[in-house]
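Residue numbers count from 1 along this sequence. Keep in mind it's a predicted model, so treat the numbers as computed, not measured.
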Amino acid sequence: MMTRIFLVGSLALCSLSVAQGKPLEDRKAVTYSEIERGLFFGVSGGFWGTINPPAGSGSAQYFSPGQAALLELGYDIGERVSPALFFLATSNRMGSDYTGTYRDMTGGAVRSGDYGSIAPGLGARIRVVGLKDSQEVTRTWLYVRAGAAFMLYQPTTLIQSGDVLVFAGPGLEYFTRLRHFSIGLDANFNFMALTQSVGFSVLPFVRYAGF
């Protein structure tokens with residue numbers, strides 16, 4: 001009986017010494033990035049103006065205010081470069097004296113009035129100057145954005161040909177404290193190469209990054 005008690009006591013003392021000899025590791029704290037980057041999705045919309053809309057002979061041509069909406073999907077390469085695929089849709093208001101470029105076999109206009117376009121393309125933001133907040137986190141960026149797209153006008157009975165859109169301009173982006181979200185403003189000069197039309201756009205945007 002005494003032998004059994006001695007053995008049990010010895011095992012208990014050994015277990016206690018082993019437990020005391022092994023240091024307890026603190027649970028590692030979960031850390032989060034102040035700004036999430038990587039795969040991102042963006043939505044923007046705003047003003048789209050065309051100074052000289054596409055026009056054939058006999059068609060009035062004057063400044064046309066309009067609207068645009070844009071969806072983009074891209075990826076952040078570090079904190080400065082963000083290429084993206086985008087899909088742009090525009091709408092321009094015109095009067096009944098605007099007859100576009102399309103003419104029938106007799107040389108007459110087929111349709112008059114407003115027109116729009118859709119344009120899939122590729123662009124990129126290159127962040128140039130970053131400003132830090134009170135916590136030394138660079139949240140505000142000044143950048144340059146440039147890109148190109150293939151543009152299809154609607155209705156085709158007003159402007160039948162396609163076009164090539166080339167654009168560039170400055171922008172401002174602020175990375176919010178919600179980590180995944182940033183907001184900003186694109187201001188672009190737009191050139192439609194085939195119709196030789198020019199214009200400009202101002203598009204506020206919201207972006208979600210870090211899927």
Side-chain angles (χ1 to χ4, degrees), residues 35 37 40-55 60-76 79-95 98 100 113-131 133 138-154 158-159 162-178 180-209:
I35 297 173
R37 291 185 171 87
F40 68 84
F41 174 76
V43 179
S44 60
F47 178 80
W48 178 275
T50 305
I51 296 173
N52 57 331
Q61 190 178 42
Y62 45 82
F63 175 73
S64 171
Q67 303 84 37
L70 183 145
L71 301 176
E72 63 178 341
L73 180 66
Y75 191 84
D76 295 318
E79 65 176 10
R80 290 186 177 269
V81 181
S82 299
L85 298 170
F86 66 84
F87 183 84
L88 171 71
T90 70
S91 176
N92 285 80
R93 297 285 296 176
M94 300 297 294
Y98 175 73
D114 304 339
Y115 73 93
S117 69
I118 55 174
L122 175 66
R125 291 183 178 90
I126 302 174
R127 299 178 182 89
V128 180
V129 179
L131 304 175
D133 64 6
T138 307
R139 295 189 181 276
T140 304
W141 285 93
L142 298 174
Y143 63 84
V144 174
R145 182 170 180 258
F150 180 68
M151 180 174 281
L152 294 172
Y153 293 106
Q154 296 290 335
L158 186 64
I159 307 174
D163 216 333
V164 176
L165 167 67
V166 180
F167 65 87
L172 176 67
E173 185 172 18
Y174 174 74
F175 290 86
T176 72
R177 296 182 185 273
L178 296 178
H180 292 278
F181 288 92
S182 66
I183 57 176
L185 183 72
D186 287 327
N188 293 321
F189 171 78
N190 305 314
F191 176 59
M192 282 63 77
L194 301 184
T195 60
Q196 297 294 295
S197 298
V198 296
F200 61 93
S201 57
V202 180
L203 304 177
F205 68 85
V206 178
R207 201 186 76 144
Y208 181 93

Side chain proximity check, Tyr75 to Ser82, heavy atoms < 4.5 angstrom: no
Least distance between heavy atoms, Leu71 atom then Val43 atom: CD2-CG2, 3.8 Å
Any side-chain heavy-atom pair of Ser117 and Gln154 under 4.5 Å: no
Chi angles and distances behind the side chain to side chain contact (heavy atoms under 4.5 Å, CB included) call for Arg139, Glu173: CA-CA 8 Å; Arg139 295 189 181 276; Glu173 185 172 18; over 6 Å; no
Close side-chain approach of Glu72 and Phe87, heavy atoms under 4.5 Å: no
Closest heavy-atom pair and its distance - Thr195, Pro54: OG1-CG, 3.8 Å
Tyr98 vs Tyr62, ring-ring contact (aromatic ring centres under 6.0 Å, His included): CA-CA, chis, key distance, verdict: CA-CA 9 Å; Tyr98 175 73; Tyr62 45 82; 7.1 Å; no
Flag side-chain contact, heavy atom, 4.5 Å: Ile118 against Leu152: yes
Atom pair CD1 (Ile35) and CH2 (Trp141), whose distance is rounded to the nearest 0.5 Å: 8.5 Å
Side-chain donor or acceptor of Asn52 paired with backbone N/O of Gln196 under 3.5 Å: yes
Atom of Leu122, atom of Phe86 and distance for their closest heavy-atom approach: N-CE2, 3.3 Å
Flag, side chain of Asp163 to backbone of Leu194, donor-acceptor distance under 3.5 Å: yes
Ring pair (Phe, Tyr, Trp, His ring centres under 6.0 Å) partner of Tyr208, the single match among Phe41, Phe181, Phe40: Phe181
Derivation and outcome, side chain to side chain contact (heavy atoms under 4.5 Å, CB included), residues Ile183 and Phe205: CA-CA 6 Å; Ile183 57 176; Phe205 68 85; 5.9 Å; no
Face-on cation placement of Arg127 at Tyr174 ring, 6.0 Å and 45° thresholds: no
Heavy-atom pair of closest approach, residues Pro204 and Gly46: CD-CA, 4.3 Å
Arg37 charged N/C atom sitting above Phe175 aromatic ring, 6.0 Å / 45°: yes
Side-chain touch Thr140/Thr138, heavy atoms, less than 4.5 angstrom: no
Test item: Leu203 and Gln67 side chains (from C-beta on) under 4.5 Å apart, heavy atoms: no
Atom pair CG (Leu185) and CG (Leu172), whose distance is rounded to the nearest 0.5 Å: 7.0 Å
Thr90 vs Trp48, side chain to side chain contact (heavy atoms under 4.5 Å, CB included): CA-CA, chis, key distance, verdict: CA-CA 7 Å; Thr90 70; Trp48 178 275; 3.7 Å; yes
Taking every non-hydrogen atom, the tightest pair across Asp76 and Ala209: OD2-CB, 4.0 Å
Side chain to side chain, Thr50 and Met94, heavy atoms closer than 4.5 Å: no
Sub-4.5 Å side-chain heavy-atom contact between Val81 and Arg125: no
CD1 on Ile159 to OG on Ser197, rounded to 0.5 Å: 7.5 Å
Centroid-centroid under 6.0 Å between Phe200 and Phe47 rings: yes
Atom CZ of Arg80 with >12 non-hydrogen neighbours under 6.0 angstrom: yes
Between CG on residue Leu88 and CG on residue Asn190, distance to nearest 0.5 Å: 8.0 Å
Step-by-step side chain to side chain contact (heavy atoms under 4.5 Å, CB included) determination, Arg207 to Ser44: CA-CA 9 Å; Arg207 201 186 76 144; Ser44 60; over 6 Å; no
